[in-house]
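The block underneath contains the structure these notes are about, expressed in structure tokens.
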Protein chains: 2
Amino acid sequence: MAANIRDVAKLADVSITTVSHVISGRGRVAPATKERVLTAIADLNYQANIHAQRLVSQKSRTLAFQIASFTQNSNSTTLIPNSNYFLEVLNAASNEATRREYVLLILSADVDSSLMDRYGIDGVLIIDPRGDEKIFQTDSNPDWLIVTNGRTVNELTNRIGIVDNDHRRTTRETLIHLRDEGYERPALITTDLGRSYTRDLADEYLVWCKKEGHTPIIVELPEPPTQQAAADAARKILARRLPPDAILASAEDLALGVLHAAQDQGLSVPRDLGIVSAVDSSVLLVATPSITAVYLDPETTGIRAVDMLISALEDQAEFPQQVIVPSELRIRDSTMRRNARGEA
Amino acid sequence: MAANIRDVAKLADVSITTVSHVISGRGRVAPATKERVLTAIADLNYQANIHAQRLVSQKSRTLAFQIASFTQNSNSTTLIPNSNYFLEVLNAASNEATRREYVLLILSADVDSSLMDRYGIDGVLIIDPRGDEKIFQTDSNPDWLIVTNGRTVNELTNRIGIVDNDHRRTTRETLIHLRDEGYERPALITTDLGRSYTRDLADEYLVWCKKEGHTPIIVELPEPPTQQAAADAARKILARRLPPDAILASAEDLALGVLHAAQDQGLSVPRDLGIVSAVDSSVLLVATPSITAVYLDPETTGIRAVDMLISALEDQAEFPQQVIVPSELRIRDSTMRRNARGEA
DNA sequence: ATGAAAGCGCTAACAT
DNA sequence: ATGTTAGCGCTTTCAT
């Protein structure tokens with residue numbers, strides 16, 4: 001059986017209060033006494049019971065991690081879709097939470113609040129929300145704080161923090177890069193425009209088209225993004241009288257689907273068609289040709305999101321608050337038309 | 001503030017014991033009383049405090065999920081490597097745990113047992129262990145049960161359950177398939193032979209070579225598996241006087257690396273070289289050509305592992321116990337030499 | 001500087 | 001069938 005605080009107190013010949021003080025650093029304890037307690041703790045291999053601590057402190061030090069994606073229709077919920085981005089945000093968030101002695105619970109985005117209550121969730125981290133997720137349905141005043149990765153339409157209350165990239169800036173950079181490479185008619189293939197990052201892409205794309213005098217070509221695909229759907233969409237717009245000569249895709253799988261469609265039709269990438277993914281992923285590096293993409297720095301996003309949430313929970317920071325994680329365009333073969341190595 | 005059991009008791013005009021009985025289903029409660037209690041619970045939106053329940057029951061209903069991979073050297077630990085297999089096992093395990101009202105905690109495989117004690121972990125699910133992970137260092141009698149996905153060298157104690165695939169059978173099927181397609185000199189590229197699944201591949205491969213009179217070609221690469229390392233290894237063995245005409249790779253990224261190396265050298269897949277991955281993944285489907293692979297059914301593995309662990313924890317089953325999850329070879333273009341569509 | 005004691009919300013023995 | 005009560009292991013006033 002594991003030792004409890006009373007065992008430690010007995011062994012160190014002090015009261016349990018003193019032991020508690022030593023552990024928490026609160027209160028004053030004489031150095032000698034402290035030493036004795038520490039020795040007793042080490043001898044007994046004592047660890048404070050986490051459930052007792054949480055019961056009495058009324059805090060669970062537990063965060064929910066939710067990816068707000070595509071779970072609507074499906075029956076068996078996919079907690080973590082197969083995307084590098086999500087995985088890296090999760091890994092970083094989990095490490096950071098552990099470091100701060102918090103527990104990260106991966107929950108489906110469509111669990112209702114009773115489950116959250118049950119686990120005594122202190123804070124929620126929600127990736128790519130649309131804003132209509134259950135968690136935002138503010139019935140009176142819920143017990144948790146929220147940090148979103150991506151913005152929602154919800155008004156910025158004092159319960160919400162935001163970690164985001166500047167997608168409009170990188171989209172602009174992408175379009176400039178494409179123009180520099182001689183592409184004249186970029187198209188946009190994206191999933192659900194209900195998410196802020198896809199909306200940012202589309203908004204900036206439309207601004208650009210207007211300024212440059214292009215006719216915009218936007219295809220909005222249902223979620224989840226699949227290579228098949230992207231390939232079909234690409235085939236369709238490439239069959240136009242005036243087809244696009246570059247395609248900006250909102251997700252790695254969409255970019256890959258476009259690549260396959262292009263290759264099927266005998267188009268050369270990057271010569272006949274430029275391809276960019278708005279989200280980087282390791283698979284884009286090893287595609288042939290490698291695919292230009294925007295690196296969003298998911299690791300930093302995960303860390304900053306957890307930090308923001310915890311510091312708000314511990315009253316060291318106030319919401320609303322917003323952090324922009326630096327991101328950058330990574331140019332690869334799929335858009336290097338001017339110095340292209342001959343690609344089939 | 002959330003209601004507690006006393007609020008419910010007061011509202012229903014019963015004792016807290018009766019409320020507890022209604023919730024747990026234990027004890028006898030008159031139908032009418034039960035009805036009143038249920039109404040009170042609904043009215044107050046009552047949820048039993050999970051920390052109090054866990055404190056008194058001395059059970060945490062918490063499982064640790066660990067992927068025993070590649071974390072040795074790296075500093076910031078990668079909890080979940082970027083592999084379809086792991087992700088799908090995790091998704092399935094997490095769903096199943098939630099369904100059974102357990103919490104799944106994703107922990108790094110190298111956390112020491114004090115963290116596990118701290119969280120009061122009841123059971124550990126460990127994917128692809130080598131057997132030298134900290135969790136197996138049986139200092140006296142730990143408080144948790146273990147289920148491994150893959151076998152370890154540790155003796156089968158009453159604390160361990162195993163969920164595995166029959167890798168030897170599928171390896172045999174793979175080699176037969178390759179022979180049927182006319183490949184005569186298969187090679188094996190694998191990571192760390194310390195894991196049971198890679199060992200199974202190698203053992204069965206060696207048996208086959210002996211029987212068929214081949215000279216075995218095995219390349220063992222350090223972890224983690226990267227396309228680069230596999231490509232380098234492939235180039236090397238393809239440069240031999242008598243190069244292999246088929247390569248069996250132990251992971252998706254290794255297979256992709258081999259594919260790139262082959263294409264770089266102007267070899268046609270499947271004509272000049274057959275490629276098989278011992279683990280299926282969605283990327284293998286969309287590679288060009290698509291790559292033959294063994295489907296391990298990670299979803300079933302995740303569910304069975306959690307089930308096994310929970311039923312052992314709840315005394316409905318005894319360890320040691322072993323379950324084999326059915327797996328199958330999925331033949332794709334990369335080995336269909338006889339009916340090959342011309343591939344560059 | 002240290003300790004006694006109350007109480008966090010619940011379960012389970014043991015009455016009645 | 002229902003209630004009383006004693007903890008589970010801890011934190012935190014409040015004494016001393």
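Note on naming: letters A, B, ... go to the chains in the order of the sequence lines (proteins, then strands), and numbering restarts at 1 for each one.
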Original post:
Does A/R151 come within less than 4.0 Å of A/D164, counting only side-chain N to carboxylate O?
Top reply: yes
Original post:
Should the pair B/K59-B/E314 be classified as a salt bridge under the 4.0 Å nitrogen-to-oxygen rule?
Top reply: no
**OP:** Considering just the side-chain nitrogens and oxygens of A/N49, establish if one lies under 4.0 Å of OP1 or OP2 belonging to D/dG9.
**Re:** no
**OP:** Using a cut-off of strictly less than 4.0 Å, decide whether A/Q53 has a side-chain nitrogen or oxygen near OP1 or OP2 of D/dG9.
**Re:** no
**OP:** Apply salt bridge (Lys or Arg N to Asp or Glu O under 4.0 Å) to B/R304 and B/E299, showing your working.
**Re:** CA-CA 9 Å; B/R304 296 301 302 269; B/E299 188 174 358; over 6 Å; no
Original post:
With no hydrogens and no angle check, do the side chains of A/Y85 and A/N149 hold a donor and an acceptor under 3.5 Å apart?
Top reply: yes
Original post:
So, the side chain of B/S24 versus the backbone of B/S20: is there a donor-acceptor pair under 3.5 Å, distance only?
Top reply: yes
Subject >> Main-chain N/O of B/R100 paired with B/R61 side-chain donor or acceptor, under 3.5 Å >> reply: yes
Starting from [atom2] on [N], measure out to [atom1] on [X] and report it in whole angstrom.
X	N	atom1	atom2	value
A/I16	D/dT11	CD1	P	9 Å
B/I5	D/dT4	CD1	P	14 Å
B/R26	D/dA1	CZ	C1'	18 Å
A/Q58	D/dT12	CD	P	11 Å
B/K10	D/dT4	NZ	P	13 Å
A/L44	D/dG9	CG	P	14 Å

Original post:
Where is the tightest heavy-atom contact between A/E96 and A/V306, given as atom of each residue plus distance?
Top reply: CG-CG1, 3.6 Å
Subject >> Minimal non-hydrogen separation, B/V163 against B/A305, with atom names >> reply: CG2-CA, 3.7 Å
**OP:** With DNA chain D as reference, determine whether B/H21 or B/A52 sits nearer its 5' end, using the nearest nucleotide of each.
**Re:** B/H21
Original post:
How would you give the extent of chain B contacts on DNA chain C, as first and last nucleotide 5' to 3' within a 4.0 Å heavy-atom cut-off?
Top reply: C/dG9 to C/dA13
Subject >> side-chain contact (heavy atoms from CB on, under 4.5 Å) assessment of A/L90 paired with A/I106 >> reply: CA-CA 9 Å; A/L90 170 60; A/I106 303 177; 3.8 Å; yes
Original post:
Which part of the nucleic acid, if any, lies within contact of B/R6, taking any heavy atom under 4.0 Å across all strands shown: a base, the sugar-phosphate backbone alone, or nothing?
Top reply: base
Original post:
When all nucleic acid strands are considered with a 4.0 Å heavy-atom cut-off, which category describes A/S57: base, sugar-phosphate, or nothing?
Top reply: nothing
Original post:
So which of residues 30-39 of chain A are in contact with DNA chain D, with a heavy-atom cut-off of under 4.0 Å?
Top reply: none
